[in-house]
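Order of the sequence lines fixes the chain letters, A, B, ..., with proteins taken first and strands second; residue numbering starts at 1 for each chain.
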There are 2 protein chains.
Amino acid sequence: MKLQPIDISKTASAASIVFEALRKAIIEGELIEGTPLRQDEIARLFNTSRIPVREAISRLEEKGLVTSQRFKGAVVAGLNLDELREIFEYRALVETEVIRRAVPNMDQATLDEAKAYFHGLNTTSDPLAWGDLNRGFHERLYRAAGLPYHEEAIGKAMDRVDRYLRAALVRSGNVAKSNAEHLAIWEACAQGDADLAADLTREHINLSCEGLLLNMTRRG
Amino acid sequence: MKLQPIDISKTASAASIVFEALRKAIIEGELIEGTPLRQDEIARLFNTSRIPVREAISRLEEKGLVTSQRFKGAVVAGLNLDELREIFEYRALVETEVIRRAVPNMDQATLDEAKAYFHGLNTTSDPLAWGDLNRGFHERLYRAAGLPYHEEAIGKAMDRVDRYLRAALVRSGNVAKSNAEHLAIWEACAQGDADLAADLTREHINLSCEGLLLNMTRRG
DNA sequence: CGTGCGGAAATTGGATCCCGTCTCTGGGAG
DNA sequence: CTCCCAGAGACGGGATCCAATTTCCGCACG
C-alpha cells in the first residue's frame, strides 16, 4: 500500500482556511482595493470567531495584500502605477534568471505538464481559470530550476499583481498574443535553449506590464 | 513648532511589539534554530495575553522565520546548506541589480551616511552591532535606487540568513576583509561606476557565502 | 528489561467578554 | 445655513475561559 505523504498536521485550522479564502478573493480581484475587512463579518461568513480572522488578516498584511491601521481595521491593499511597474521589473529580473536555470533540468514530465497548462490556456474563456492556468504554466517550468526560495519570491510578487493582470487581459484581447508568447517560451525550453527562453520570458513580462499600464491609464 | 510626522496609528500594538522582539531575537541568533516558541511563556515575558503572541507568531511564519504545526506549536526555522546557498544566490541576483540602479541616483547625503555606517563597521567589535551596521550600510546605498519592493525582498532574504552571517563573521576573522570590500563598493559608488559597484557587490555576497559555508561545514 | 497502554499535565486552537478608540449623527451655537 | 461638539453605536485590541490535541510519565504485561 502506497501512501502520499501529506503534512496532515497543518490542515484545516480555521485561521488558514480564512487566510486562503481571503488571499484567493484578493488575488482574483473579487475583493477590490480599499475594501475594508470587517472582522466579525468575515467571522460570521465562516461560522467562526474573530480570533482566526485576526490571524488571517495579520498574515495577509505580512504578505502585503492588506494594510491595516491600529483601531481602524484592515483594507485590501492597492498598487499605484509606479509600484506596479517596479514589481514587474522585479519579476522580469528574477523569473528570467530562474527560467535560465530551469531549462537544463527540464525533463519530459515538465514539458508535458506545461504543455497541458498551455492547452488549457488556449481553450478556456473563463478569466479566472485563465489566470490560474497562466500561473500554473510558468510555475511548472520554474520548478525545474530547483530554487524554492526564488519560486516563493516570485509567487509573492505574482500575488500582488495577479488581479490587475487578470482584469487587464480579459478585455483588450491580448490573450491570443500572450498565448503565442507562451508557446514560444515552451518551444525554447523544449529545444534546451536557456538564453532564448530567458529572453522570451523577459519580453513576455515586459509586454504584459505595458499592456497592463496602458489598460489602467486609459480608464483613469 | 516643527513636528516629525510619524504614523502613530500603527505604533505599539502588543502584537507588533512581540513580533519585532521575536524577529530581532531570531535574526540575531539569540533564539537558535529549533527552539520552540511557547505562547504562555512569551505572553508572560511581555505581560500580555496569548492573543498578541499568536498573531506575532503567525506573522513570523509568513516571513519564514518560524515553522509551526497544528496543535504542536511553532519552532524557530532553520536552513540547510542548500537553502543557504540558494538565498545567497538570490541576494546576489537582486542586490547586484539594485545597486546598479542606485548608483546614478546617489547624492552626497547617501554617500555620507553610508560612510558613517562604514566607519562604525571599522571601529566596533560587538558582533551584534557589526551585523546591524553591515545591514545599514548596504540598505542605505540600495535606498537610492528608489525600488521599495526590491528593498523589501532583499530585507526578507537578509532576515533569513542574518544570524548565520553574524555568527560566521565574528570568529574566523573575515571582518577586515569584508570591510575592505565595503570600502571598495563605497568608492565605486562615489565614482559613479555602477557596473563596478554591481560587480563588487556580487563578489562581496559570494565571498560571504563561501566563508559562511566553510564555517558551517567545518563545525558539522 | 523493554514495550505498550492509559491517564494526567502541558500546550495549542477557538469562543466569549470587556475595554479603548473611532466614526457618525443630531442638536445647538454662532 | 454652517460649524462644532457631545454622545451613542460600531469596531478593533486584548483578556479570560473552554475545548481539543499532544506529550509525558508511570505502570502493567510480555
N/O (side chain, A:Ser68) to phosphate O (OP1/OP2, D:dG12) under 4.0 Å: no
B:His182 and B:Asn122: side chain donor to acceptor below 3.5 Å: no
Whole-Å gap separating P (D:dG13) and CZ (B:Phe46): 19 Å
Nearest-neighbour nucleotide for the A:Phe71 side chain, C:dC22, C:dA15, D:dA15 considered: C:dC22
Between C:dT12 (C1') and B:Asp40 (CG): distance, integer Å: 9 Å
Greater than 12 external heavy atoms within 6.0 Å of B:Phe118's CZ: yes
Residue A:Pro52, side-chain atoms from C-beta onward, closest of C:dG14, D:dG14, D:dT23: C:dG14
Sugar-phosphate, base or nothing in reach of A:Arg38, heavy atoms under 4.0 Å: sugar-phosphate
Sugar-phosphate only, base, or nothing, as touched by B:Ile57 at under 4.0 Å among non-hydrogen atoms: nothing
Whole angstrom value for the distance that separates P of D:dA15 from CD1 of A:Ile51: 11 Å
Nucleotide of C:dT12, D:dG13, D:dG14 approaching B:Gln39 most closely (side-chain heavy atoms): C:dT12
Aromatic ring pairing B:His150/A:Tyr90, orientation class (parallel under 30°, perpendicular over 60°, tilted between): perpendicular
side-chain hydrogen bond (donor to acceptor under 3.5 Å, both in side chains) assessment of A:Glu95 paired with A:Tyr142: CA-CA 8 Å; A:Glu95 297 186 34; A:Tyr142 296 157; 2.4 Å; yes
Donor/acceptor link under 3.5 angstrom from B:Arg50 side chain onto base of D:dG14: no
Polar side-chain contact B:Arg54-D:dG14 base: donor and acceptor under 3.5 Å: no
